[in-house]
Protein chains: 2
Amino acid sequence: MVTLAEVARHAGVSASTVSYVLSGKRTISAATRERVELSIKELGYHPNAGARALASSRSNIIALMVPLRTDMYVPVMMEIAIAVATTARTHGYDVLLLTGEEGPEAVRRIAGSALADAMILMDVQLDDERLPLLRESETPAVLIGLPADPDGFTCVDLDFAATGALCVEHLAGLGHREIAVIGEAAAVYERHTGFAERTMHGVRKRAVGLGVRVLHRPCEGGFAAMAATLARIFDERPGTTGFVVQNESAVEPLLNLLRQQGRAVPEDISVVAVCPEQVAVQASVRVTSVAIPAQEMGRRAVEKVVAKLDGRSVEEAELLKPELTVRASSGPAPAAG
Amino acid sequence: MVTLAEVARHAGVSASTVSYVLSGKRTISAATRERVELSIKELGYHPNAGARALASSRSNIIALMVPLRTDMYVPVMMEIAIAVATTARTHGYDVLLLTGEEGPEAVRRIAGSALADAMILMDVQLDDERLPLLRESETPAVLIGLPADPDGFTCVDLDFAATGALCVEHLAGLGHREIAVIGEAAAVYERHTGFAERTMHGVRKRAVGLGVRVLHRPCEGGFAAMAATLARIFDERPGTTGFVVQNESAVEPLLNLLRQQGRAVPEDISVVAVCPEQVAVQASVRVTSVAIPAQEMGRRAVEKVVAKLDGRSVEEAELLKPELTVRASSGPAPAAG
DNA sequence: CGGGGCTGTCGAAGCGCTTCGACATTTCCC
DNA sequence: GGGAAATGTCGAAGCGCTTCGACAGCCCCG
């Protein structure tokens, strides 16, 4: 393994000079810099990460805690994770992947061991167990998701309340008066996942304002679960003409079932989904949807965390504005009767 | 930040004693050990990762290189990544997430900086660019996937050749004589991804043995792409009664389209998929499938890498045996005519 | 032309840990 | 009961880097 000392000897300078060339924290003459850089290249030198972390108390690592659960939004999570890793690299950071497995203790372990300079938490619950630990640690952090009490935390998320409202508005504008919301799996609500609840708040509030009736049903993904849920919905509210789907693995089953039941989309039934673009576009009917900007969320989270590490100040919460794209699955409500 | 020295002082022993309590590399009397452990607990001590890495030249980090591409198997990748992270923790390792973004250079960077003790590469191509770099570095590595020349590398993968053969056998056994294989996106074949090609080898070889005709068509995911592909298949081979699908985002569209065309599954057409269990079970018809054991692959990869780091010897390649689960999408071929 | 301020470089200290050899002490066995 | 072999603990060196203060040489200006 090549060390800084060897580079220094090879270039005929002192170790500290090499270090300053690398970090740029002091001015170095062009001639010296070039000589050192050449030596670095020739010897194939890479700074030892451990030594660097020890000396500078900076590991250049950002920890990313992903949820262990797979009952939800897996592709979205993956997309965020990839965006985080990629963006982090452009700022000179690597990403440590932590799963929920370890529990909230992971926060303490990472902060205590100085393994990472900062953390990004995904899938933040409204009353997330990790947050108290995060509060007492000094490690900078950014949450993807919005907890019940975001005070003092920096958060990035899609504005799900606005998203819910937007979906209702769209359907109401088309004349729909009875709307069903097909939500995430029941477990997601039970553990008070912020985005699911906030979406419903947005839906309900706007529905009241617009005089629309709303029925909300959680739904596991998949065809069978969707079939059962759908039957119950039409049983309870036969006049339902609009659907909002917030569960990407329910989108295609829903379209499929409606077709099988002889209900035409969008002539008889309109469907709006909250899901990644890809899902909306690849479905059997191109679905009107509010996109989940996974990449954007990952990118913004990293940028905020890097800003904090650079000592720049950072706004507390950033809620990305939802955008609804009209496609082929929504249209005017059928004439009553 | 609590240091080892403070723990030592608190417990009334020397620093080295605390270190030995932590590592267990020398015998420590029960009394002393308890005293030290108590101090550790009381002070909330966590060893500094950088210092430890520097002194021991072990970072206790495993680097995981995931593909950047999203044209393929994303949920499978996620599942593997999570399994890797979770399994790694049980062995005392953390996982560093690297994306393909950085290119093969990442291998050199990680090896050179001693950031990680070992690497796991996912999505290995037949002639993967990273492999030459890996060969010349001393960093232990495990590949998930099988390159063209696996000599000297430790690999874990599903036995895709056997998988292809198994699918053909199943269909042939049911009397199907004309089979179409719906593959991954064309780009996947163009870059010579091992698993895709090996599946086709297995399919073709067994098909010859069993006197079955095979037509292979790559297919992007999604409904529209599948519709086009399907039309071309029936155009070219109207007698096709069996389908093998190796693209999880084509499974549901295929079932859907067949239904729309009035072809009953499994009465007229049998479908066998190579996909995660969840996809097979959640589809509109429960699909006969060979599962992709993502978790198992991630777990085995970590176990191999840890074995190497422990100096234990490790077999070069482990190919997991495919298992075909019969569900509702495959049945006897319709009588000829 | 001499003092003050830059610039560019160096040496040394130290980050927190592991690990090696040394040294007491205890235990064992003949 | 005495020497050899364990057993348990300590001190010190050093891992490879960053960073601080020092300092030599330079230029500039009065």
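None of these values were measured; they are calculated from a predicted model. Naming convention: chains lettered A, B, ... in sequence-line order (proteins, then strands); numbering from 1 in each chain.
- The separation between A:Leu54 atom CG and C:dC15 atom P is 9 Å, rounded to whole Å.
- Separating the CG atom of A:Leu4 from the P atom of D:dG16 is a distance of 11 Å, rounded to the nearest angstrom.
- Contact annotation: A:Lys25 reaches the phosphate of D:dT19 (side-chain N/O to OP1 or OP2, under 4.0 Å).
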Any chance you could lay out the side chain to side chain contact (heavy atoms under 4.5 Å, CB included) test for A:Thr99 and B:Val95, step after step, and finish with the verdict? CA-CA 10 Å; A:Thr99 65; B:Val95 168; over 6 Å; no
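- Residue whose closest nucleotide on DNA chain D sits further toward the 5' end, between B:Ala55 and B:Arg33: B:Arg33.
- With hydrogens and angles ignored, the 3.5 Å screen pairs no side-chain donor or acceptor of B:Asp123 with any backbone N or O of B:Pro67.
- Residue contacts shown for B:Ser56 are limited to sugar-phosphate atoms, with no base heavy atom under 4.0 Å away.
- Side chain B:Arg26 to base C:dT19: no donor-acceptor pair is found below 3.5 Å.
- The separation between A:Arg58 atom CZ and D:dT18 atom C1' is 13 Å, rounded to whole Å.
- Using a 4.0 Å cut-off, no side-chain N or O of A:Arg52 falls inside it from OP1 or OP2 of D:dG16.
- In this structure, B:Ser16 reaches the bases: a heavy-atom distance under 4.0 Å links it to at least one base atom across the strands shown.
- Side-chain nitrogen and oxygen atoms of B:Ser19 include at least one within less than 4.0 Å of the OP1 or OP2 phosphate oxygen of C:dT18.
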Take B:Glu6 and B:Arg9 through the salt bridge (charged side-chain N to carboxylate O under 4.0 Å, His left out) test and state the conclusion after the steps. CA-CA 5 Å; B:Glu6 297 175 48; B:Arg9 202 173 318 129; 5.7 Å; no
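- Dashed line: the shortest gap from a side-chain N or O of B:Thr17 to OP1 or OP2 of D:dC10 is under 4.0 Å.
- Atom CG in A:Asn48 sits about 18 Å away from atom P in D:dG14, given to the nearest Å.
- Atom C1' of nucleotide D:dG11 and atom OH of B:Tyr20 are separated by 11 Å, given to the nearest angstrom.
- Of the candidates B:Glu315, B:Lys304, B:Glu318, B:Lys308, B:Thr154 forms a side-chain hydrogen bond (donor to acceptor under 3.5 Å, both in side chains) with just one, namely B:Lys308.
- Sorted by first and then second residue, the salt bridge (Lys or Arg N to Asp or Glu O under 4.0 Å) pairs with a member in residues 20-39 of chain A form an empty list; sequence neighbours excluded.
- Going from atom CZ of B:Arg9 over to atom C1' of C:dG16 covers 13 Å, rounded to whole Å.
- Between the side chain of B:Arg35 and the base of D:dG8 there is no donor-acceptor pair of N/O atoms closer than 3.5 Å.
- Using a 4.0 Å heavy-atom criterion, one finds that A:Thr3 contacts the sugar-phosphate atoms exclusively.
- Among the protein residues, B:Ser29 comes within range of the sugar-phosphate backbone only, with heavy atoms under 4.0 Å from sugar or phosphate atoms but none that close to a base.
- Taking atom CD1 of residue A:Ile28 and atom P of nucleotide D:dT18, one finds them 13 Å apart after rounding to whole Å.
- Distance, B:Leu115 CG to D:dC17 C1': 14 Å, rounded to whole Å.
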